[in-house]
Amino acid sequence: MRMGELVGHERPAALLQGSLRSGRVSNAYLFVGEEGIGKTALALAFARALLCESPEAPPDRGICEACGTCPACHLTALGNHPHLRVIAPDGERIKIEQMRDLRHDVALTAFGGARRAYIILAAQAMTEESANCILKTLEEPPPGVTLILVTESLSQLLPTIVSRCQLLRLRPALPAAVEALLVERHGVAPHHARFIADFSGGRAGWAVRAARRPAILEVRERLLHLLVRLPDAQSVEVFRAAEEVRALAGELGAEAEEAASPDGAPGGASSEDRMVRAQAGALLDIARSWFRDLLVLKLARTRDLINTDRRSELAALAPRYPVAGLLEALDAVVRTRRYLSRSANVSLALEALMSRLSSHRAL
Amino acid sequence: MKVFCKRKELYEGAQTVGRIVSGRSTLPILSHILLQTVDGHLRLVATDFEVGMDVAVPASIAEEGSVTVPSRVVTEILGSLPDAEVSLSVDENNVMELTCLRSQYVIRGLPSQDFPKLPEVQGGRSVRVEQALLKGSIEESIFAVSSDETRALLTGALTTLGEGMIKMVATDTHRLAVSTMPAPGIAISGEDQGSEGVIIPARALRELARVLTDEPGPTLEIHVSRSQVLFRLDGFQLVSRLIDGQFPNFERVIPRECQKRLTINTQELLAALRRACSILPRESPNRVVFRTETEGLLDITTEAGELGRAHEQVEVTREGDPVEIAFNGRYVIDMLSITEASSVVMELTGSLNPGIVRPAPTGEEPEGRSYLYVLMPMAIQ
């Protein structure tokens with residue numbers, strides 16, 4: 001993928017291309033944006049352009065991209081370029097040993113080629129020691145070295161890290177652009193594309209993954225089924241619902257792991273809880289869109305729903321909720337998502353959420 | 001691919017290159033070794049993007065080809081098989097079948113095209129040198145290399161391959177080892193790169209030293225470029241990136257003159273120091289005080305707080321005033337345990353000045369041979 005091809009990131013891409021063209025590339029960048037918005041794709045595209053031996057720069061368009069054909073581009077596409085290192089959390093955290101390795105590698109000579117790029121994914125997962133370990137590297141890496149940190153959560157990073165990086169915020173694309181992307185480049189059926197695009201909230205990467213992963217849509221069906229019944233649920237059913245949400249997250253996680261290592265190779269010792277935690281965000285986003293639609297119907301009566309395919313159910317349910325209840329439900333969903341991104345107990349957090357959601361049941 | 005090898009030779013090859021394979025790489029293929037048929041040999045290659053190594057194993061080749069297989073598993077299997085002929089055959093899906101007598105293993109590999117190729121070493125100078133000389137130089141300096149990654153420059157040894165000599169320098173700021181070997185047979189060609197020295201990571205040097213022989217053997221070929229160094233023997237090759245930057249000006253810390261000179265038997269001093277240090281706790285600064293209170297004897301004392309203290313005496317020949325100085329005992333032991341000299345000389349000035357330990361001259365050293373070890377003193381308390 002080239003920087004210019006990323007949906008919704010035309011401005012950050014132009015900025016990065018400008019710095020490539022002028023040769024004024026920063027030591028360190030920090031890409032911030034929601035899950036699935038395209039941070040990693042942009043970081044990889046930028047790194048490929050940095051390492052490319054003959055970047056294209058037609059003067060009229062002012063584009064500076066990886067050529068895609070030189071030996072360096074071939075290696076970066078395979079992920080085997082010695083000067084493009086991608087560091088991801090080992091388990092839940094980015095450990096100090098990983099950062100020491102990075103620091104060691106930065107200090108070595110380059111194998112020909114002037115530039116080197118290091119991408120740190122989920123930078124918020126750095127432990128405090130890990131973060132402190134690379135402060136000096138971020139501040140003054142050897143010439144030609146660029147570090148790109150990618151994160152969903154700026155507030156979970158040490159201020160000393162943030163202040164050493166050039167900050168680029170990635171914003172959601174227009175749903176129409178995401179829809180076009182799905183139809184034109186990924187061959188998704190138009191009605192399906194429309195819904196995924198709306199539902200993605202403008203997160204192109206998420207939309208593409210959802211289109212390729214039928215499980216997310218299947219899981220959504222089952223989750224919405226739970227939410228529809230929730231207002232009438234008895235307390236036992238509430239706990240059962242929490243159990244089921246957990247199971248759904250587990251299913252998503254299993255599918256994601258399979259996608260990551262298609263040979264069925266052991267994907268490391270990933271505990272069930274970690275898998276659930278990683279996928280709970282996607283589920284809670286579905287719940288959030290549901291309550292958001294209810295609130296929209298109640299207050300605005302506009303047609304701008306996310307869950308367009310469930311319009312009739314939403315319309316039937318909306319009168320049963322008080323506005324304050326919907327606001328509280330939204331708040332509970334958002335808060336649970338945050339708890340789960342930290343280290344709250346998965347089962348307890350989901351049970352608490354489901355019981356809070358059901359207690360705002362209708363009139 | 002289909003090849004036949006001797007189990008022992010293949011195992012040793014896999015073990016040698018396997019040491020390069022990193023246990024915690026993000027790229028799955030870096031935990032693999034590449035097997036490739038080349039000129040009647042089976043070539044085994046491993047890399048971690050810092051160091052790359054390849055070893056040629058004698059093989060009879062029935063069908064040319066290549067594959068990458070997981071290093072750890074294959075090495076373990078080879079290590080426990082009986083000594084017999086091993087046959088390796090690889091199908092088009094990179095599945096390797098390893099057979100030895102009545103044992104048969106099927107190992108899923110990855111395509112060899114995906115294995116990262118280290119760029120060729122280009123330009124620079126090329127040198128041929130006796131293996132034993134370089135091995136000696138590495139052993140005399142490598143232990144002084146710093147393990148502190150915050151000062152990356154010091155995690156390697158400054159290596160100079162010059163006209164007729166090899167020089168290796170290592171320091172961790174508390175001590176400095178400088179080893180100079182005459183290399184009469186050294187043959188230099190190519191540009192003048194490396195004459196002012198390059199910093200070779202300690203890891204590469206340690207791996208190299210394991211492979212080099214002390215005996216007179218074939219000469220080692222070294223290529224030094226701006227960014228890499230390549231060591232080549234028949235059937236063996238090691239490439240390493242270098243550490244980028246300017247090595248500190250170490251000449252400045254070498255004391256130019258000395259007022260006191262102690263000559264001591266190496267083995268006696270080593271044994272006394274080992275005993276005296278054995279009572280010190282593991283995390284202690286290993287402070288050892290050296291005094292000459294009695295004529296002809298060197299008093300060595302350590303204090304281990306509540307546990308107690310040690311006092312050792314060794315015979316010494318002293319020139320100059322009496323001595324009182326403290327050093328990190330472990331650092332002295334490091335040097336004494338690798339030197340071949342039967343006695344060593346400590347050259348000292350004041351108790352706050354750095355001291356030098358060097359092999360006592362025997363008058364038989366070849367021209368250009370020198371080894372010195374500089375130690376920073378510790379407070380005596």
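It should be emphasised that the depicted structure is a prediction, and the values quoted were computed from it without experimental measurement. First the proteins, then the strands, lettered A, B, ... as listed; each starts at 1. The basis for the numbers below is simple: all heavy atoms, side chains too, and nothing from hydrogens, waters or symmetry mates.
In this structure, a donor-acceptor pair under 3.5 Å is absent between the side chains of A:Arg93 and A:Thr127.
Ring geometry for B:Phe250 against B:Phe247 counts as perpendicular: the plane angle is over 60°, on a 0 to 90° scale with 30° as the lower cut.
For B:Ser240, no part sits under 4.5 Å from any heavy atom of chain A, backbone or side chain. Neither the backbone nor the side chain of A:Leu75 comes within less than 4.5 Å of any heavy atom of chain B. No part of B:Leu153 comes within reach of chain A, as not one of its non-hydrogen atoms sits under 4.5 angstrom from that chain.
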(request) Show the numbers, then the answer: is there a salt bridge (charged side-chain N to carboxylate O under 4.0 Å, His left out) between B:Arg203 and B:Glu207? (result) CA-CA 6 Å; B:Arg203 223 181 113 226; B:Glu207 292 304 334; 5.3 Å; no
(request) Assess whether side chain to side chain contact (heavy atoms under 4.5 Å, CB included) is satisfied between A:Met99 and A:Ile87, documenting all intermediate values. (result) CA-CA 9 Å; A:Met99 294 293 104; A:Ile87 295 116; 3.8 Å; yes
